[in-house]
Amino acid sequence: MVFVRKSAGRSGATKVRIAERRNGRNHIIEHVGTARSEAELAVLMAEARRRLRPGQEALDLELDEEHGGQSSRSGVITGKQSALLWRVLASVYQRLGFDVVADEAFQELVLARIIEPTSKADSLRVLDEVGVAHASLRTMFRALGRAQQRDYRSQIAAACFTHAASSGDVSLCLYDVTTLYFEAEHEDDLRKVGYSKERRVDPQVVVGLLVDRGGFPLEIGCWEGNKAETSTILPIVEAFQARHGISDMVVVADAGMLSTANLTALDEAGLRFIVGSRAVKAPGDLASHFRWHGDAFTDGQLIDTITAKKATAAARAENDTAKRAEPIWDPAQHPGSWRAVWAYSKKRAVRDRTTLTLQENRAKAVIAGEKASRTPRFVKTTGGDQVLDEVSLQRTHRLAGLKGYVTNIPATVMGAGEVVASYHELWQVEASFRMSKTDLRARPIFHHTREAIEAHLTIVFTALAVARYLQDATGMSIKKIIQALRPIQQIRVRIAGHDHLAEDPLTPTAAAILNDLDLPPR
């Protein structure tokens with residue numbers, strides 16, 4: 001192998017030679033010159049590379065330091081950095097327009113959370129390990145204050161909307177809520193004991209998330225821990241509308257949002273909605289179908305009908321069971337009703353009946369005294385004795401496999417199949433919640449004041465947007481992306497007073513990630 005070789009002499013000058021490696025030893029072929037400055041060294045190195053014959057190796061960073069006739073080959077690593085990982089994360093952060101915030105400490109907190117979710121104080125360790133120069137801990141905590149004072153969330157939400165509007169579909173948005181608990185003994189104005197998704201009795205906050213149909217986050221809200229789910233959807237949708245000047249959109253939510261007040265308010269605001277219905281509504285909604293067609297359904301069968309807004313005689317009269325054909329919902333003809341779509345799934349029916357069998361067996365065991373328990377489903381007390389509620393059990397079996405959806409979108413605008421398909425997109429918001437709770441660890445929350453908790457959620461919201469973008473672009477989970485890029489190091493080595501950069505070669509996975517993101521390898 002023929003290569004360029006540099007040797008530092010006792011005078012401080014650097015000799016540049018062309019050498020050849022033979023039998024384990026270096027043999028000088030040609031002396032190019034001696035450099036006494038960085039500029040001269042650069043010129044000589046360029047000339048030496050030019051003189052190498054085509055096909056020969058360009059250069060080896062080997063250096064002989066001559067001290068008193070002794071030769072030593074040594075270098076000192078002066079820095080390591082997961083430069084590729086940081087470049088990818090920072091590029092996506094900028095690509096999404098989040099640099100509009102113009103706060104480096106905030107960006108560092110967001111990207112550190114994606115790399116390794118931890119406390120704000122421990123984020124400095126994460127940044128040190130990936131070799132990123134960062135602000136002080138005091139500055140980091142000040143960034144939390146700035147996030148609230150300067151309303152970073154609004155700026156981030158605006159950038160999220162711009163991205164979603166340009167690359168996706170914001171005409172249909174998905175909404176859901178979750179709870180984040182605190183390992184604290186006492187409640188305060190925000191952290192309160194309420195209905196917990198995780199079945200805990202700790203103080204908690206309620207968090208609502210609005211995403212586009214692909215799961216990309218658009219808006220996040222935080223409320224007191226004892227806030228009812230149904231009272232959260234309107235504030236967050238109205239904030240989204242006001243922020244972006246939107247009047248025509250479809251909001252999809254699960255049955256937890258189903259309330260007369262909610263649906264009426266959404267309708268009066270000119271918004272269209274698709275909300276999951278409850279099984280208890282099925283007997284009334286499908287009374288006409290059961291009368292004329294019985295309770296036998298085919299897999300995938302859809303029944304497009306109406307459902308009463310309130311349980312009044314006038315509303316029930318709008319769905320006349322004496323008529324064989326299901327009514328086609330019209331807001332003018334059916335002022336006391338919404339449109340309802342019921343879908344039957346054979347797979348869901350099998351799952352429902354399995355659950356019902358377990359509940360029936362449990363009820364029978366309690367009645368027989370074989371199992372001491374609080375009164376389970378399908379057990380009623382008659383004459384002081386516990387007996388099986390046969391009527392309720394048979395009615396529930398009759399509804400197995402059915403799932404209902406309530407909407408104010410006319411059938412002429414959206415078919416029954418599209419209503420069902422749109423509702424099923426809710427898994428996207430559930431996936432985003434899972435990401436925030438697992439990959440980004442929205443909890444535990446190491447904050448106590450409302451301002452700090454809100455700032456923490458702004459960081460999680462921003463990190464979620466970056467993570468969702470990366471996952472959508474690469475088809476890989478954010479965890480696998482971090483695992484693939486973090487080990488690829490850029491190393492700075494000092495040899496004879498000169499700094500050199502060395503990088504780990506790209507793995508096939510890393511190269512694929514860069515290709516998917518349309519980023520150059522170096």
Side-chain angles (χ1 to χ4, degrees), residues 172 174 250-260 262-264 266-267 272-356 391-427:
L172 185 144
L174 315 169
V250 178
V251 181
V252 182
D254 67 11
M257 302 298 115
L258 183 62
S259 75
T260 301
N262 267 354
L263 301 189
T264 300
L266 289 170
D267 187 63
R272 291 172 291 175
F273 58 79
I274 301 172
V275 180
S277 187
R278 297 187 177 93
V280 294
K281 302 275 285 183
D285 295 357
L286 299 176
S288 178
H289 182 88
F290 286 140
R291 176 180 178 180
W292 294 98
H293 305 284
D295 56 4
F297 299 93
T298 57
D299 190 26
Q301 184 175 350
L302 299 174
I303 301 99
D304 203 335
T305 184
I306 62 176
T307 182
K309 295 180 180 179
K310 294 182 179 180
T312 63
R316 286 194 293 269
E318 293 180 1
N319 194 349
D320 188 357
T321 57
K323 296 181 179 180
R324 184 166 186 165
E326 296 290 344
I328 299 174
W329 181 74
D330 182 279
Q333 295 181 16
H334 308 104
S337 304
W338 301 116
R339 181 186 176 196
V341 175
W342 287 88
Y344 178 82
S345 164
K346 185 177 180 180
K347 183 178 180 181
R348 185 188 297 116
V350 171
R351 185 173 61 247
D352 289 349
R353 291 194 176 102
T354 300
T355 301
L356 287 171
V391 175
S392 177
L393 182 61
Q394 290 176 7
R395 182 174 60 246
T396 308
H397 269 289
R398 195 181 192 193
L399 303 177
L402 288 169
K403 172 65 179 175
Y405 314 88
V406 180
T407 181
N408 64 342
I409 306 174
T412 53
V413 176
M414 182 180 288
E418 190 177 352
V419 169
V420 176
S422 296
Y423 182 86
H424 286 174
E425 295 290 347
L426 272 177
W427 73 270

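Summarising the geometry of Pro335 relative to Ala332, their closest heavy-atom pair is CD-O, 3.7 Å, with the distance given to 0.1 Å. Across every non-hydrogen atom of Arg348 and Gly401, the tightest pair is NH1-O, 3.0 Å. The two residues Val252 and Leu426 come nearest to each other via the heavy atoms O-CD2, 3.7 Å. Of all the heavy atoms in Ala279 and Leu399, the pair that sits closest is O-CD1, 3.7 Å. Closest approach of Ala287 and Thr321 over heavy atoms only: CB-CG2, 3.7 Å.
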Query raised in the report: Trp338 and Thr264: side-chain contact (heavy atoms from CB on, under 4.5 Å), yes or no, with the steps?
Result: CA-CA 10 Å; Trp338 301 116; Thr264 300; 4.2 Å; yes
Report task. Begin from the C-alpha positions of Thr307 and Trp329 and carry the test side-chain contact (heavy atoms from CB on, under 4.5 Å) through to its verdict. Result -> CA-CA 9 Å; Thr307 182; Trp329 181 74; over 6 Å; no
Query - Candidate pair Gln301 and His289, rule side-chain contact (heavy atoms from CB on, under 4.5 Å), full reasoning - result: CA-CA 12 Å; Gln301 184 175 350; His289 182 88; 3.6 Å; yes
Requested in this report: Show your working on side-chain contact (heavy atoms from CB on, under 4.5 Å) between Ser337 and Asn319 and close with a plain yes or no.
Outcome: CA-CA 9 Å; Ser337 304; Asn319 194 349; over 6 Å; no
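For the side-chain contact (heavy atoms from CB on, under 4.5 Å) with Met414, the qualifying choice from Ile274, Thr407, Val341 is Ile274, the only one to do so.
Using a 4.5 Å heavy-atom threshold, the side chains of Lys281 and Trp342 count as touching. Side-chain contact between Gln333 and Glu318 is absent, with no heavy atoms from C-beta onward closer than 4.5 Å. Counting only heavy atoms from C-beta outward, the side chains of Arg339 and Pro410 never approach each other to under 4.5 Å. No side-chain heavy atom of Val419 sits less than 4.5 Å from a side-chain heavy atom of Asp304. Using a 4.5 Å heavy-atom threshold, the side chains of Ile303 and His293 count as separate.
Taking NZ from Lys346 and CG from Asp299, the interatomic distance works out to 7.0 Å, rounded to the nearest 0.5 Å. With rounding to the nearest 0.5 angstrom, the OG atom of Ser288 is 10.0 Å from the NZ atom of Lys323. Note that the CG atom of Asp285 and the CZ atom of Phe290 stand 10.0 Å from one another [nearest 0.5 Å]. Taking CD1 of Ile328 as the reference point, atom CD1 of Ile306 lies at 11.0 Å (rounded to 0.5 Å). A distance of 4.0 Å separates CZ in Phe273 from CG in Leu263, rounded to the nearest 0.5 Å. One distance of note links CG of Leu286 with CZ of Phe297; it measures 6.0 Å at 0.5 Å rounding.
Checking side-chain atoms of Thr260 against main-chain N and O of Lys309 turns up a donor-acceptor pair under 3.5 Å. Counting only distance, with no hydrogens or angles, the side chain of His334 and the backbone of Asp330 share a donor-acceptor pair below 3.5 Å. Side-chain atoms of Ser277 do not come within 3.5 Å of backbone N or O of Ala282 as any donor-acceptor pair. In this structure a side-chain-to-backbone donor-acceptor pair under 3.5 Å is missing from Lys403 to Gly276. The backbone N or O of Ala308 sits nowhere less than 3.5 Å from a side-chain atom of Arg316 that would complete a donor-acceptor pair.
Under the salt bridge (charged side-chain N to carboxylate O under 4.0 Å, His left out) criterion, Arg291 pairs with no residue, sequence neighbours left out.
Under the ring-ring contact (aromatic ring centres under 6.0 Å, His included) criterion, the residue pairs touching residues 401-420 are Tyr405-Tyr423, with sequence neighbours excluded.
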